[in-house]
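As structure tokens, the structure follows; a few thoughts come after it.
The residues of the chain are indexed from 1 along the displayed sequence.
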Amino acid sequence: QVQLVESGGGLVQAGDSVRLSCVVTGGTFTDYGMSWFRQTPGKDREFVGTISRGGGATQYADSVKGRFTISRDNAKNTVYLNMNSLQPEDTAVYFCAGGAPTSLYWIESRWEYWGQGTQVTVSS
């Protein structure tokens with residue numbers, strides 16, 4: 001059974017940086033592309049970014065491009081989301097997801113495995 005566990009969220013100030021981690025167990029990590037989504041109350045999950053199985057390719061939502069970076073350590077079965085220059089509008093529950101979508105990677109339903117989420121709150 002594949003399990004994803006996020007960590008690293010918390011309360012930060014605007015302008016701060018945070019790194020989220022997502023550890024994957026129960027599967028072959030290198031079989032999966034990985035992504036990050038975020039969700040605020042009453043809204044659908046929003047695509048943040050994705051990284052390929054080998055880590056050589058990344059894609060980001062326009063809202064985070066240039067501020068957020070996704071990386072992965074295949075030896076540690078872990079994917080990271082480095083978030084810089086955080087703003088109050090980045091406040092959300094952040095989820096990691098794993099799978100092998102061949103297209104439409106920005107769509108939530110394309111991803112097979114999900115973590116439980118970690119809250120990031122950015123105060124102004």
Checklist line | NZ or CZ of Arg38 within 45° of Tyr94 ring axis and under 6.0 Å | finding: no
Checklist line | Full working for side chain to side chain contact (heavy atoms under 4.5 Å, CB included) between Phe68 and Leu81 | finding: CA-CA 7 Å; Phe68 291 11; Leu81 178 64; 4.1 Å; yes
Next item on the list: Using distance alone, with no hydrogens and no angle criterion, decide if Thr121 and Gln119 have a side-chain donor and acceptor under 3.5 Å apart.
Entry: yes
Next item on the list: Nearest 0.5 Å please: distance from the CE atom of Met83 over to the CG atom of Leu20.
Entry: 4.0 Å
Check: Do side-chain atoms of Thr118 reach the backbone of Gly9 as a donor and acceptor pair under 3.5 angstrom?
Finding: yes
Check: In Å and rounded to the nearest 0.5 Å, what is the SG to CD distance from Cys22 to Glu6?
Finding: 5.0 Å
Next item on the list: Find the distance between CD (Gln116) and CG (Leu4) and round it off to the nearest 0.5 Å.
Entry: 9.0 Å
Notebook entry, point to check: When rounded to the nearest 0.5 angstrom, what distance separates OG in Ser35 from CD1 in Ile107?
Noted result: 12.0 Å
Check: Among Trp106, Tyr60, Phe37, whose ring-ring contact (aromatic ring centres under 6.0 Å, His included) with Phe47 holds?
Finding: Phe37
Item checked: Spacing of CG belonging to Asn74 relative to OH belonging to Tyr32, to within rounding of 0.5 Å -> 12.5 Å
Next item on the list: Check whether any side-chain N or O of Thr50 sits under 3.5 Å from a backbone N or O of Met34 as a donor-acceptor pair, and report yes or no.
Entry: yes
Check: Are Arg110 and Ser103 linked by a side-chain donor-acceptor pair shorter than 3.5 Å?
Finding: yes
Next item on the list: Please assess Val2 against Val24 for the test side chain to side chain contact (heavy atoms under 4.5 Å, CB included), listing each intermediate value before the final yes or no.
Entry: CA-CA 7 Å; Val2 179; Val24 180; 4.0 Å; yes
Next item on the list: State, yes or no, whether a side-chain contact exists between Val122 and Asp16 at a heavy-atom distance under 4.5 Å.
Entry: no
Check: Would you say Arg19 and Asn82 make side-chain contact, with heavy atoms under 4.5 Å?
Finding: yes
Margin query: If I compare all heavy atoms of Gly33 with all of Trp111, which pair ends up nearest, and what's the gap?
Written below: O-CZ3, 3.2 Å
Next item on the list: Could you tell me the separation between the CD1 atom of Ile51 and the OH atom of Tyr105, rounded to the nearest 0.5 Å?
Entry: 13.0 Å
Item checked: Test item: Arg67 side-chain N/O and Ser85 main-chain N/O as donor-acceptor pair under 3.5 Å -> yes
Next item on the list: Quick one: closest heavy-atom pair of Ser21 and Thr78, and the distance?
Entry: CB-CG2, 4.2 Å
Check: Can the positive tip of Arg72 be found less than 6.0 Å from the middle of the six-membered ring of Phe29, inside 45° of the ring normal?
Finding: yes
Check: Just checking, is any N or O donor in the side chain of Ser17 or Asn84 under 3.5 Å from an acceptor N or O on the other one?
Finding: yes
Next item on the list: Indicate yes or no for a side-chain donor-acceptor contact from Gln59 to the backbone of Gly49 under 3.5 Å, with no hydrogens or angles considered.
Entry: no
Note to self: Starting from Val18, can I reach Tyr80 by hopping between I/L/V/M/F/W/Y residues whose side chains sit under 4.5 Å apart?
What the structure shows: no
Item checked: NZ or CZ of Arg45 within 45° of Phe95 ring axis and under 6.0 Å -> yes
Next item on the list: Determine whether Val48 and Tyr113 fall in the same hydrophobic cluster, where Ile, Leu, Val, Met, Phe, Trp and Tyr are linked whenever their side-chain heavy atoms lie under 4.5 Å apart.
Entry: yes
Notebook entry, point to check: So does Lys76 have more than 12 non-hydrogen atoms from other groups sitting under 6.0 Å from NZ?
Noted result: no
Note to self: According to a hydrophobic-cluster definition based on side-chain heavy atoms being under 4.5 Å apart (Ile, Leu, Val, Met, Phe, Trp, Tyr only), do Leu104 and Ile70 belong together?
What the structure shows: no
